[in-house]
Structures are given as structure tokens and as C-alpha cells.
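Structure, as C-alpha cells:
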Amino acid sequence: MARTSDIEKAAEVLRAGGLVALPTETVYGLGADAEDPAAVARIFQVKGRPPSHPLIVHIGGAEHLDDWVQDVPATARLLAEHFWPGPLTLVLRRGHRVPLEATGGLETVAVRVPDHPVALALLSSFGGGVTAPSANRFGSVSPTTADHVRTELGDAVDFVLDGGPCEVGVESTIVDATGKIPSILRPGGVTREDLEAVLGYPIAVPSTSRVRVPGQHPSHYAPRARVVLVEPEKVVAEAELAQELGHQVGVFLPPFLADAPVKAHAVLAVPASTAAYARELYGFLRELDERGCDLIVASLPAEEGLGLAIANRLRRAAGPRPTV
Ligand code: TXA
Ligand code: MG
């Protein structure tokens, strides 16, 4: 776990234009000084992410919001007050402190206050905003432990702050809050139901958005193994058939089948609670890759509460891959 001296060291690295991997409650981020275009450019280089894809600026508290954005609608303030610190990202009009390098050239910027003591201590010690995408290579599974980051990015990161395993496990919910009526651009750690309870009206989850959201590419959040989604009742039969055909099959066994014997290479029992499932999801995908699976058979949870974000990530993981 990170100590005070680690946090000071990390703040120094940021000030010197370096990259710091930092824990948040959702996933680990790959952070740089938001106001340093050269440091921001290095994030894209290390991730292998196209420079047109915008980043999230992490700030230390809702009271700093107006330093980074302009024209904040009342609904956005309401959401910030209610959910920050927490897994909610608000897309708002870009303020002058945010370089276009961080927004992929957009006149809007995504901002959030992470709910993690180590991230908050770093933001407080550093004093500025930290742009941070998830600390994984473009298109692959987000890291939920410091070890995941070290394995995936190694020496490309100047300093890794270890804050233990992430509590939420899936990324933040991204809300377009530029207009009067907000909409969800990416489902995540704050549920649609939670947002609607605060707003007092239903909120849309558009399937495609005009803005570029790399998390919305067909194949994203993907392990090496191919992911196949089937009805929950068909998971076992599908897995056993593929195993018989010579695949090394990894199985996400739905909770209602918890003790069922399955003839497959690796079987992971999906937790019954969606909070636990969200926390384990990316670790499960990584584990099945590590155990040598070439095919993963899973089913979608009910798309309510955190199930909406889990189903979104599983669909992306199963999406068509770019041919190389
Ligand atoms: O939980 C999280 O959100 C994590 C932690 C580290 O905070 N971060 C994260 O960042 O998931 P990243 O870069 O992997 O995903 C951020 C998403 C991208 O899909 C990006 O396109 C979208 O936010 N985004 C950023 N700025 C935007 C903008 N101005 N308009 C629309 N979408 C934006
Ligand atoms: Mg990401």
C-alpha cells in the first residue's frame, strides 16, 4: 500500500512531466499533469491510443470544478454534489486550463473526482488536475490491481502507486452533462437507477454517440481469448462442445449453476451479487488468459443496476476484433 512518501514521490513525478499509475475506486489510471501537453502526449504513446480519443481529468474535489470547465448547467452541479467523490464522470464545456491534447481536440472535457484515499491524497499533494485513462494498452482489459499495471505496462510508467485492489472494478459512468437533460455515454460504477433517483426523471443510454468514445468501439475491454456470449442455460453445453472440439475453454459459470460440473479447461463461478461480479470481472478475464484459455464462454447478467455496465463490457469484449 502506498505511504505518504510514495504519494509525495508520485506528485514529484507528475510535476516533472512523468507518468504515474494511480489507484481509483473503479480501475487503475495512467496519470499525467493535465496541463502539460508533452506528458499528456506520452500517455497516448504508452497506451497505443489514437490521439483523437479524449481523456478524463481527475480533480481533488467538486469545489475545483470551475477551474477546469465553463458553463456548468444546474443538473451537472446537482450530479457532482451528489456523486463526487465517486465513479461518475461528467462531460462539460472545456475550460482554458485544459489543453486540446487532453480532449482529443474536443471543446468538451470529461471530469471526475475519484473516491479513493490514495488518489485523493495524490491530487491534494500535486495540486493540479491529473489526466488519466485506464492504465492498460488500448483495447485491452482495464487493470484493477497494481500488479496488473506492472505486468501490462512495466517500465513505460515512471511510478506505480499501489492502493490495493479496486473496490468497484468497472470504469466510471460517463454522463454528457453539457445540456439541460443529461445522457449516459458509458454505463459504469454509478447506476442509471441512482442517477434517475437524483434527477427525478428517466435518463437515456444512447447506443451510439456522436462523440468519440473508444470504450464504445465494438472490440474493447477484450482479453486475448475470444469471448462468446450465450444464454445462461446454454453456457455448460456450449463450453463442453467447444472443449471437445479442441479449444481450451474458460467458463463464466452463472450463479444459478454454481456447483455444476463442467468439462472445460477453467471454470470461474460468477458471484451472485453484481457488485462482487463487477469487482471480479476484469480479474476473471485476465485469469483465463493467464491459464491459457483461447475461448471464454459467458452469459450476460440482467441489465439493471451494475448489471448494465457488466453487460456492456462483456459485449465489447465479445465484439468483432480488428483484423491485423
Ligand atoms: O473509471 C474511469 O473512468 C477510469 C479511471 C482511471 O478514472 N478511467 C477511464 O478512462 O476509464 P478511459 O480513458 O479508459 O475512458 C474514458 C472515456 C473514454 O471512452 C473517452 O472517450 C471518454 O471517456 N471521454 C473523455 N472525454 C470525453 C469527451 N469530452 N466527450 C465524450 N467522451 C469523453
Ligand atoms: Mg479504458
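One-based numbering along the sequence shown. Every number for a ligand or one of its atoms is a count from 1 in the order of the listing. The figures here come from the full heavy-atom set of this structure, side chains too, leaving out hydrogens, waters and symmetry mates. Here the structure is a predicted model, which means the values were calculated and not measured.
The nearest non-hydrogen atom to atom 24 (N) of ligand 1, considering only Gly29, Ala21, Pro54, comes from Pro54. For the residues Ile174, Val170, Thr103, the heavy atom positioned nearest atom 17 (C) of ligand 1 is part of Ile174. Taking each of Glu107, Arg186, Arg93 in turn, the one with a heavy atom nearest to atom 15 (O) of ligand 1 proves to be Arg186. Among His116, Arg49, Glu25, His53, the residue whose heavy atom lies nearest to atom 13 (O) of ligand 1 is Arg49.
In terms of polar-atom proximity, defined here as any N/O pair under 3.5 Å, Arg112 does make such a contact with ligand 1. The shortest N or O to N or O distance between Ser134 and ligand 1 is under 3.5 Å. The shortest N/O to N/O separation between Lys47 and ligand 1 does not fall below 3.5 Å. Ligand 1 has no N or O atom lying under 3.5 Å from any N or O atom of Thr89, backbone or side chain. Residue Thr24 places no N or O, backbone or side chain, under 3.5 Å from any N or O of ligand 1.
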**Q.** Evaluation steps, ring pair (Phe, Tyr, Trp, His ring centres under 6.0 Å), between His53 and Phe138
**A.** CA-CA 10 Å; His53 292 294; Phe138 184 60; 5.7 Å; yes
Q: Could you check Arg186 against Thr173 for side chain to side chain contact (heavy atoms under 4.5 Å, CB included), going step by step and ending with a plain yes or no?
A: CA-CA 6 Å; Arg186 176 181 74 182; Thr173 303; over 6 Å; no
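A salt bridge links Arg112 with Glu25: the closest approach of a Lys/Arg side-chain nitrogen to an acidic carboxylate oxygen falls below 4.0 angstrom. The existence of a salt bridge linking Asp158 and Arg42 is confirmed by a sub-4.0 Å separation between a basic side-chain nitrogen and an acidic carboxylate oxygen. Ion pairing between a basic and an acidic side chain is recognised when a charged N comes within 4.0 Å of a carboxylate O; Arg192 and Glu304 show no such pairing. The existence of a salt bridge linking Arg286 and Glu290 is excluded, since no basic side-chain nitrogen approaches an acidic carboxylate oxygen closer than 4.0 Å.
Listed by atom number, the atoms of ligand 1 under 4.0 Å from Thr26 heavy atoms are 1 (O), 2 (C), 4 (C), 5 (C). Here is the list of ligand 1 atoms found below 4.0 Å of a heavy atom in Ile56: 3 (O), 8 (N), 9 (C), 10 (O), 16 (C). Counting the atoms of ligand 1 from 1 in the order shown, those under 4.0 Å from a heavy atom of His58 are 5 (C), 6 (C), 7 (O). Those atoms of ligand 1 that come under 4.0 Å of a heavy atom in Leu185, given as number and element, are 31 (C).
A distance of 13.0 Å separates OG1 of Thr103 from CD1 of Ile56, quoted to the nearest 0.5 Å. Here Ser142 contributes atom OG and Asn136 contributes atom CG; the two are 4.5 Å apart, rounded to the nearest 0.5 Å.
The neighbour count for Arg15 CZ, taken as heavy atoms of other residues, nucleotides or ligands under 6.0 Å away, is above 12. For Arg224, the CZ atom counts as loosely surrounded, since its 6.0 Å shell holds 12 or fewer non-hydrogen atoms of other residues, nucleotides or ligands.
Contacts of Thr108 with ligand 1, taken as heavy-atom pairs under 4.0 Å, involve both backbone and side chain.
In summary, an N, O or S atom of Ser134 is located under 2.8 Å from the Mg ion (ligand 2).
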